[in-house]
> 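Below: one structure in structure tokens.
When a ligand or atom number is given, it counts from 1 through the structure's own listing order. Positions are given from 1 along the sequence.
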Amino acid sequence: MKSRFMAAVCAAVVALSLGVQAQGKGGAASITPAELKDWLSYIASDQLQGRQVYTEGLGLAASYIADHLKEWNVKPAGDDGTYFQVVKVNGVNVTRNSSVTVTVNGQTKTFKDGEGVTFPANAGGKQTVSGQAEFVGYGLSLPEAGIDDYKGRDVSGKVVLYVGRGPKSMPAGGNRLLGARARNAIELSHAVAAIGPSIGGGFGRGAGAGTPAATATPATTATPTPTAAQPAAGRGAAGGGRGGANATLGDFTTVQRLDNKIPPQITAGDEFFDFIFSAAGQKYADIKAKADSQDAIPAVALNNVSITINVDADYTIVQTRLTRNVVGIVEGSDPKLKDTYVLFGAHYDHIGYQQTPPGQGRGGFGGGNAPGGCTGQQRDTPKAGDVINNGADDDGSGTVGVMAIAKAFATGPKPKRSVMFVWHAGEEAGLLGSRYMADYPEVPLDKVSAQLNIDMIGRNRCDEASEANTVYLVGSDRISTELHNLNEDANAALAAPMKLDYEFNDPADPESIYTRSDHYSYASKGIPIIFYTTGLHRDYHYVTDEVGKIEFSKLAHIAQLVYTTGVKVANLDHFPARDNKGPRKGKGASGKIGS
Ligand SMILES: [Zn+2]
């Protein structure tokens with residue numbers, strides 16, 4: 001550990017002397033592989049113990065970033081004139097008074113939370129949501145797999161209902177797709193609420209936008225087993241305890257405002273569905289039998305079925321744990337536009353060190369097959385006694401990438417708008433830092449034109465040499481077509497354009513990456529985002545994700561792309577138009593989107 005630290009210090013001294021030339025020039029040219037390597041050699045060193053939230057290692061990383069911001073004269077944008085925004089992670093107890101009232105042909109029945117229907121522990125603020133009921137079979141839209149329960153349906157403004165675990169033809173990664181049904185119904189198809197089955201294992205259960213535990217972050221789950229059914233606090237146990245707080249306190253854990261109105265995502269039992277179908281001319285028992293055997297489910301029109309959802313939960317905060325985002329701003333040059341912002345983000349936390357011997361551990365210490373569809377590959381063999389998840393790629397690469405972008409702006413030409421940099425804490429524990437920032441922003445969210453997020457940009461997907469010039473983009477087209485096109489233009493303007501791959505932007509992609517990193521916290525607030533990643537590899541969430549494996553020229557290249565896109569957005573005289581047309585670029589797609 002010590003020798004590694006000394007190496008980092010030596011590298012720092014060398015790079016400092018090299019850095020003098022770049023200093024003062026700023027701009028894209030100041031983003032260099034040598035400097036990125038210098039910074040990452042510290043950020044991903046054993047000294048930082050894997051940068052787990054609530055640990056000293058994360059604190060060291062925060063100070064390291066802040067010290068550099070100060071050196072470059074980046075303005076502090078955290079609490080009380082500091083570079084730090086304190087993130088409050090609350091354990092919350094809930095008193096459930098919510099209910100669902102169904103009217104079928106004039107006959108009304110009310111189901112209380114816990115009696116036939118189940119609301120997520122964090123159901124959000126009090127509200128009443130009503131709509132006509134629309135049955136969408138298995139509730140899946142996977143055209144590439146020949147499954148499209150939404151074909152020919154307009155569920156906008158309606159309450160969507162679905163059953164079962166999908167047909168026999170479900171593609172691999174089905175659990176995530178099932179878990180995403182409610183969210184997709186609301187976000188992609190504009191339903192006002194979603195009601196699904198209560199299946200053992202809890203697919204989609206508790207998947208309210210406000211429950212970190214329900215969000216399928218890669219986090220501490222090496223397997224895609226849904227964790228939504230367990231209380232949020234149960235998951236916090238993986239990351240907590242050292243702060244002196246009891247990680248299991250509370251029905252759920254959240255960093256978000258408790259009065260946020262969250263579109264209801266509810267599960268329901270047989271009695272509820274029986275009543276829903278009571279006048280449909282199709283018995284629920286028959287539909288259920290077909291769902292149980294994963295056969296095709298007939299289309300059923302639910303005429304004259306209306307649903308009113310009364311979200312009514314009372315919350316009591318029973319404990320608070322603290323972590324920190326690191327935040328800085330470089331002010332824009334235009335007197336009018338400088339109170340508007342382009343945000344750049346990465347998470348600087350990771351999953352810490354292994355607390356159990358190999359083979360017994362949580363979070364990817366099991367070895368064996370490589371994750372992320374790297375077919376035929378095995379986990380790399382760790383050095384004897386190595387228990388530290390260095391997170392060089394995840395997300396050390398993004399951490400230093402955003403540092404380089406901050407430096408490029410701070411020491412180079414200033415765009416019209418201001419640019420804000422956020423190093424998020426606790427992403428691995430459920431997007432804690434970004435969710436907090438999105439609910440308690442340091443600048444008004446309506447002044448934010450776009451957010452550009454980086455998570456894992458230092459490798460080739462599955463270590464394939466053919467990936468050397470590829471970066472994957474997710475979400476660029478979903479909220480703003482214009483933002484998508486600006487990024488394509490920025491890439492074309494690079495000395496050597498990269499291959500922009502949209503495979504993970506496909507809503508049917510089993511990894512559901514759009515919802516899995518910090519950009520999603522901002523997208524949920526309607527802010528156009530782009531997520532940049534180079535994809536998974538055999539060292540993902542493993543002690544072998546180390547600095548020696550990082551492709552620093554590629555990292556610099558992608559940081560330059562993000563910087564260049566940021567410059568374009570920051571110099572635009574308007575915000576990228578929010579046309580909310582959803583994902584259009586998917587696997588095999590490329591280029592701009594025509595008007
Ligand atoms: Zn990450």
> Any N/O/S atom, side chain or main chain, of Asp455 closer to the Zn ion (ligand 1) than 2.8 Å?
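Yes, since at least one N, O or S atom of Asp455 sits under 2.8 Å from the Zn ion (ligand 1).
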
> Checking only N/O/S atoms, does Asp394 have one that is under 2.8 Å from the Zn ion (ligand 1)?
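Yes, since at least one N, O or S atom of Asp394 sits under 2.8 Å from the Zn ion (ligand 1).
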
> By salt bridge (Lys or Arg N to Asp or Glu O under 4.0 Å), which residues pair with Arg257, not counting sequence neighbours?
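Residues passing salt bridge (Lys or Arg N to Asp or Glu O under 4.0 Å) with Arg257: Asp259.
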
> Output yes if His347 passes the N/O/S-under-2.8 Å test against the Zn ion (ligand 1); output no otherwise.
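Short answer: yes, at least one N, O or S atom is under the cut-off.
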
> List the residues meeting salt bridge (Lys or Arg N to Asp or Glu O under 4.0 Å) with Asp79, not counting sequence neighbours, and say none if there are none.
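For Asp79, no residue satisfies salt bridge (Lys or Arg N to Asp or Glu O under 4.0 Å) once neighbours in sequence are set aside.
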
> Side chains of Asn390 and Ser45: do they bring a donor and an acceptor to under 3.5 Å?
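Per modelled atom types, Asn390 and Ser45 side chains form no pair under 3.5 Å.
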
> Assess, by modelled atom type and distance only, whether the side chains of Asp545 and Asn389 contain a donor and an acceptor separated by less than 3.5 Å.
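No, because no side-chain N or O of Asp545 sits under 3.5 Å from a partner of the opposite role on Asn389.
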
